[in-house]
Amino acid sequence: MSDTVKLAVMQLKTELDYDTTMKKAADMVAEAARGGADFAVLPEMFNCPYSGKYFRPVAEKAAEGALDEMSRWARENRICLVGGSIPELEDGKLYNTCFVFDRGGKLLARHRKVHLFDVELPGMRFHESDSFSAGNEITVFDTEFGKMGAAICFDVRFPELFRAMAVRGAKVIFLPAQFNMTTGPAHWADTLKLRAVDNELFVVGASAARNDDFAYHCWGHSAVYDPFGIPLAAADETEQILWAELDLRRVGEVRAQLPTFLRLRRDVYTVSE
């Protein structure tokens, strides 16, 4: 098992046309593979604009086709794929869902966003629960590099979820996201860093690129933090591939040097394993 993981975080600029966006995503995954990446990571809601009027139509159009395409991208490029998130339709309910595939295109994990983004910010009202149902599972999965976890955007504001993934063995947590222009500059980088420091593991924040033609303007600024809270890579708001290398030995090193994670008082408080 290798201790080094090369990441390509694909800060994709979603287009209004579904097929154009999917072709762009396929090309970026292929570019990630050519660059030697072990993992390609897409952003939240990468295949449609982040707006309630698009979620169900795109889910109905894509159906299993989006999963088949992502599986094919992983298989043909021999790369692990964290498929950002897409609107998923099951039994009439919509979910904001991240699918993860191994190098052979096999589905490793499915994370349905647990905490839905319902906010009343100055100048902005957004209720994700008007469109989506919430997931109810903590997502940790096995890879050729060890255990990893997945969460989506607003999930990052709930430390208990990240601690639960950490105590279940995750050394890397992927976070597809689209923070907005209010919370992004205020909280995005700090929150990613804090979740990494809290649990002494790697956090990969994969944002979409900003599209000023859409009503919802995301902050962008994908970033990767190591277990000591050191930024390994960071982007601006534009479309790009962000590269990073993770030395997984850092998790054990940091936990030995600053053993906060190893000194949890489970006799006083606990997050179930």
Side-chain angles (χ1 to χ4, degrees), residues 8-32 40-63 65-66 69-70 73 81-89 94-99 113 116-132 152-154 156 174-189 191-192 204-223 233-243:
V9 180
M10 295 171 290
Q11 190 164 282
L12 175 74
K13 181 181 177 182
T14 300
E15 306 295 343
L16 188 58
D17 181 73
Y18 175 85
D19 293 331
T20 299
T21 299
M22 293 298 280
K23 174 63 166 57
K24 187 189 293 188
D27 290 344
M28 292 180 83
V29 173
E31 184 177 347
V41 190
L42 284 160
E44 181 184 22
M45 285 294 138
F46 78 89
N47 69 344
C48 72
Y50 195 66
S51 171
K53 69 180 181 179
Y54 295 106
F55 297 147
R56 185 169 291 270
V58 168
E60 290 173 345
K61 173 182 178 178
E69 288 190 72
M70 287 190 286
W73 299 343
L81 177 64
V82 179
S85 79
I86 62 173
E88 176 202 14
L89 185 61
L94 275 175
Y95 299 92
N96 184 342
T97 306
C98 175
F99 296 92
K113 192 173 186 177
L116 299 180
F117 186 58
D118 287 5
V119 298
E120 303 280 350
L121 294 167
M124 177 189 177
R125 179 190 185 277
F126 197 97
H127 278 213
E128 207 171 27
S129 64
D130 290 344
S131 301
F132 293 111
I152 298 173
C153 201
F154 197 49
V156 77
F174 297 100
L175 184 81
Q178 287 204 41
F179 267 44
N180 60 58
M181 296 297 292
T182 299
T183 60
H187 299 150
W188 170 246
T191 309
L192 295 177
V204 180
S207 175
R210 192 177 308 157
N211 190 331
D212 290 326
D213 293 332
F214 293 165
Y216 183 91
H217 296 157
C218 75
W219 174 236
H221 293 79
S222 296
D236 59 14
E237 75 281 4
T238 61
E239 185 171 76
Q240 62 193 272
I241 294 180
L242 183 68
W243 300 88

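Under the ring pair (Phe, Tyr, Trp, His ring centres under 6.0 Å) criterion, Tyr50 pairs with Phe55, Phe126, Tyr216, not counting sequence neighbours. Shown here are the ring pair (Phe, Tyr, Trp, His ring centres under 6.0 Å) partners of Tyr54, two or more places apart in sequence or in another chain: there are none.
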Exercise for the section: I would like to know whether Met10 and Phe46 meet side chain to side chain contact (heavy atoms under 4.5 Å, CB included); could you show each step before the answer? Expected result: CA-CA 10 Å; Met10 295 171 290; Phe46 78 89; over 6 Å; no

Exercise for the section: Under the side chain to side chain contact (heavy atoms under 4.5 Å, CB included) rule, what do Leu116 and Phe154 come out as? Steps first, then yes or no, please. Expected result: CA-CA 7 Å; Leu116 299 180; Phe154 197 49; 6.0 Å; no

Handout entry: Worked check of side chain to side chain contact (heavy atoms under 4.5 Å, CB included) between Glu239 and Leu12
Key = CA-CA 5 Å; Glu239 185 171 76; Leu12 175 74; 3.7 Å; yes

Practice task
Apply side chain to side chain contact (heavy atoms under 4.5 Å, CB included) to Thr14 and Phe214, showing your working.
Solution key: CA-CA 9 Å; Thr14 300; Phe214 293 165; 4.2 Å; yes

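The one candidate from Asn47, Val82, Leu81, Val9 that meets the side chain to side chain contact (heavy atoms under 4.5 Å, CB included) condition with Leu42 is Leu81.
The distance from atom CZ of Phe132 to atom CG of Leu89, rounded to the nearest 0.5 Å, is 10.5 Å. Met28 CE to Ile241 CD1: the interatomic distance, rounded to the nearest 0.5 Å, is 4.5 Å. To the nearest 0.5 Å, atom NZ of residue Lys53 and atom OG of residue Ser131 are 12.5 Å apart. With values rounded to the nearest 0.5 angstrom, Leu242 atom CG is found 7.5 Å from Gln11 atom CD. The distance from atom NE2 of His187 to atom CG of Asn180, rounded to the nearest 0.5 Å, is 10.5 Å.
Of the possible polar contacts, one joining the Ser85 side chain to the Met45 backbone as a donor-acceptor pair under 3.5 Å is found. Distance alone, capped at 3.5 Å, places no donor-acceptor pair between the Thr183 side chain and the Phe179 backbone. No side-chain donor-acceptor contact under 3.5 Å links His127 to the backbone of Asp118. Judged by distance alone, the side chain of Gln178 and the main-chain N or O of Cys218 form no donor-acceptor pair under 3.5 Å.
Residues Pro87 and Ala59 come closest through the heavy atom pair O-CB, 3.4 Å. Among all heavy-atom pairs drawn from Pro43 and Ala177, the shortest one is CB-O, 4.4 Å. Minimum interatomic distance between Gly220 and Ser207 (heavy atoms only, all atoms of both residues): CA-OG, 3.1 Å. Here the closest heavy-atom approach between residue Asn96 and residue Ile152 is recorded as O-CD1, 3.3 Å.
Residues Trp188 and His221 form a side-chain contact, since some pair of their non-hydrogen atoms from C-beta on lies under 4.5 Å apart. For the pair Glu237/His217, no side-chain contact is recorded, criterion being any heavy-atom separation below 4.5 Å from C-beta on.
Counting only residues at least two apart or in different chains, salt bridge (Lys or Arg N to Asp or Glu O under 4.0 Å) contacts with residues 9-23 comprise Glu15-Lys24, Lys23-Asp27.
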